[in-house]
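The figures here come from the full heavy-atom set of this structure, side chains too, leaving out hydrogens, waters and symmetry mates.
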Amino acid sequence: MEHLLNQRVKSIEISGIRKFFNMVAHVEDLISLTIGQPDFPTPEHVKLAGITAIDADFTSYTHNAGTLELRKAACEFVAKKYGLNYQPESEVIVTVGASEAIDITFRTILTEGTEVLLPGPIYPGYEPIIRMMGGVPIHVDIRKNQFRFTLDMIKPYITEKTRCIVLPYPSNPTGVSLTRSELEEIAGYLMDKDIFVVADEIYSELTYKGFHTSIASFLKEKTIIINGLSKSHSMTGWRIGLLFAPEAIAKHILKVHQYNVSCANSIAQKAAYEALTAGMDDGVAMKKDYEARRDYVYQRLQTMGFDVVKPDGAFYFFVPIPASIPLNSFDFALKLVHEAKVAVVPGSAFSEYGEGYFRLSFACSMDILAMGLDRIEHFLEKSRKPR
């Protein structure tokens, strides 16, 4: 019966990140620097809020968009952190993680043949949904621009079919963000164009250089913000995402969300409320640790001879494979697993423009990072020796 399945679904692949992780997970004594999973536990008071919700039998459906108290808290959070003004009754939707927010956004705004501009390299979670909707992903090579998806990169690719530009910043896999002036330039150019901006700001609380600026500050009426608590509060498994958009857009996205999941998990919503109120600054201490790890990894990679771009945020390095190792990114990563017992993500998982690189996640303890980098350094030393 497989021949009767949707051909668009059959043509997409499982995420290259997960595919590689699953392939090597059985290897003993493996140090994994692969998945973007914070190594901090969810804050105790947030967990307690979830437990309290269960004890209070808060286990029924909520409003499709999420409880009003949580939506109010979400709007107050982005107002305080980023100076954004959204109405809790009509301009925010609580989703099942940022992934669902991306899905329902594309399903609402894309039609057959419309084009979506994506920076390359990029997180692999956008392209499959675009293709399933009949949209056309257009990757823009940003490797020679220090991984910055700026206006001069975008302009040559704008056509009458362009429906949307995806701005993921800080970026997965590069950790590179965009400055206030760069965002203002993009917003100014798009002001009179019928083009949406999908701003994936899930790493907004993990910005190391100054403060995060949302493009919605300058272009609210055309911007759909994707955010959530997975990275900021180490709540990946709670699956709480947040989507912000003007009412004229949000009311239609809400319909897709309703038929997709009805509502986000009620217990997780109570925990999320605690995170966004009493835990508003829970991520500060985590970010301080991540920044120390980033600086350590950067110093180690430079010492090994890697020419890397220092990330502005998130918890990834996107590292060029040495020219002395003539392997594609997948084979390089596989060789690193078998010979050094270290797992990284092949750059090819992040579009064709990730080929020749690997992603290293520093969302793990300093001790694990040190051991992993020691093994990589030893691997490189061995590979450079004449045979």
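- Using a 4.5 Å cut-off between side-chain heavy atoms of Ile, Leu, Val, Met, Phe, Trp and Tyr, Phe58 forms no hydrophobic cluster with any other residue.
- Grouped by direct or indirect side-chain proximity (heavy atoms under 4.5 Å, Ile/Leu/Val/Met/Phe/Trp/Tyr only), Ile267 sits with Ile54.
- Listed by chain and residue number, nothing satisfies the salt bridge (charged side-chain N to carboxylate O under 4.0 Å, His left out) test with Lys193 (two or more places apart in sequence, or in another chain).
- Among residues at least two apart or in separate chains, side-chain hydrogen bond (donor to acceptor under 3.5 Å, both in side chains) pairs with a member in residues 164-177 are Tyr169-Glu201, Ser171-Thr174, Asn172-Arg359.
- Using a 3.5 Å distance cut-off with no hydrogens or angles, the side chains of Asn328 and Ser348 do not pair a donor with an acceptor.
- In this structure, a donor-acceptor pair under 3.5 Å is present between the side chains of Thr303 and Gln299.
- Residues Val342 and Gly372 approach most closely at CG2-O, 3.7 Å, considering heavy atoms.
- For Asp331, there are no salt bridge (charged side-chain N to carboxylate O under 4.0 Å, His left out) partners at least two apart in sequence or on another chain.
- Within the hydrophobic cluster formed by Ile, Leu, Val, Met, Phe, Trp and Tyr side chains joined at under 4.5 Å, directly or through other members, Val92 is accompanied by Val46, Leu70, Phe77, Val78, Tyr82, Leu84, Tyr86, Val94, Ile225, Leu229, Met235, Trp238, Ile240, Leu242, Phe244, Tyr273, Leu276, Met280.
- In this structure, Leu219 CG and Leu183 CG are separated by 10.5 Å, a value rounded to the nearest 0.5 Å.
- For the residue pair Gln37/Thr236, the side-chain donor-acceptor check at 3.5 Å is satisfied.
- A donor-acceptor pair under 3.5 Å is absent between the side-chain atoms of Arg239 and the main chain of Asn265, judged by distance alone.
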Q) For Leu373 and Leu360, what are the C-alpha separation, side-chain angles and deciding distance, and is it a side chain to side chain contact (heavy atoms under 4.5 Å, CB included)? A) CA-CA 10 Å; Leu373 290 165; Leu360 183 155; 4.1 Å; yes
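- A continuous path of hydrophobic side-chain contacts links Tyr189 to Val140 [ILVMFWY only; heavy atoms under 4.5 Å].
- Here side-chain hydrogen bond (donor to acceptor under 3.5 Å, both in side chains) pairs that include residues 241-250, with residues two or more places apart or in two chains, number zero.
- Counting only N and O atoms by type, the side chains of Tyr316 and Tyr203 include a donor and acceptor under 3.5 Å apart.
- For Gln269 (side chain) and Ala264 (main-chain N/O), a donor-acceptor pair under 3.5 Å exists by modelled atom type.
- In this structure, His257 contributes its side chain and Ile93 its backbone to no donor-acceptor pair below 3.5 Å.
- Expressed to the nearest 0.5 Å, how far NZ of Lys287 lies from CG of Asp289 amounts to 12.5 Å.
- The salt bridge (charged side-chain N to carboxylate O under 4.0 Å, His left out) check on Glu112 picks up Arg8, with sequence neighbours excluded.
- In this structure, CD in Glu339 is found 10.0 Å from CG in Leu334, a value given to the nearest 0.5 Å.
- Screening residues 364-374 for side-chain hydrogen bond (donor to acceptor under 3.5 Å, both in side chains) gives Arg300-Asp374 as the qualifying pairs, with residues at least two apart or on separate chains.
- Take Tyr290 and apply the ring-ring contact (aromatic ring centres under 6.0 Å, His included) test, not counting sequence neighbours, and it matches Phe40, Phe315.
- Partners of Pro124 under the side chain to side chain contact (heavy atoms under 4.5 Å, CB included) rule, at least two apart in sequence or in another chain, are Ser15, Ile17, Phe350.
- Hydrophobic clustering, defined by side-chain heavy atoms of Ile, Leu, Val, Met, Phe, Trp and Tyr closer than 4.5 Å, leaves Val284 isolated from every other such residue.
- The distance from the OG1 atom of Thr105 to the CZ atom of Phe196 is 10.0 Å, given to the nearest 0.5 Å.
- When only modelled atom types and interatomic distance are considered, His212 and Glu205 share no side-chain donor-acceptor pair under 3.5 Å.
- Remark: side-chain polar atoms of Thr34 are not paired, donor with acceptor, to backbone N or O of Val344 under 3.5 angstrom.
- Not a single donor-acceptor pair under 3.5 Å links the side chain of Arg180 to the backbone N or O of Thr213.
- Note on Arg294 versus Asp312: no salt bridge recorded, every NZ/NE/NH1/NH2 to OD/OE distance being 4.0 Å or above.
- The backbone N or O of Cys364 lies less than 3.5 Å from a partner atom in the side chain of Arg293, making a donor-acceptor pair.
- For the residue pair Tyr126/Asp200, the side-chain donor-acceptor check at 3.5 Å is satisfied.
- Distance check, rounded to the nearest 0.5 Å: CG of Leu167 to OG1 of Thr223 gives 8.0 Å.
- Between the Asn64 side chain and the Ser262 main chain, a donor and an acceptor come within less than 3.5 Å of each other.
- Across Asp29 and Arg375, no two heavy atoms sit closer than the pair O-NH1, 2.9 Å.
- Closest heavy-atom contact between Ala314 and Gly175: CB-CA, 4.3 Å.
- To the nearest 0.5 Å, the span separating CE on Met371 from NZ on Lys341 amounts to 13.5 Å.
- In this structure, Lys47 pairs ionically with Glu44, as a charged nitrogen and a carboxylate oxygen lie closer than 4.0 Å.
- Remark: Arg143 does not engage Glu355 in a salt bridge, criterion side-chain N to carboxylate O under 4.0 Å.
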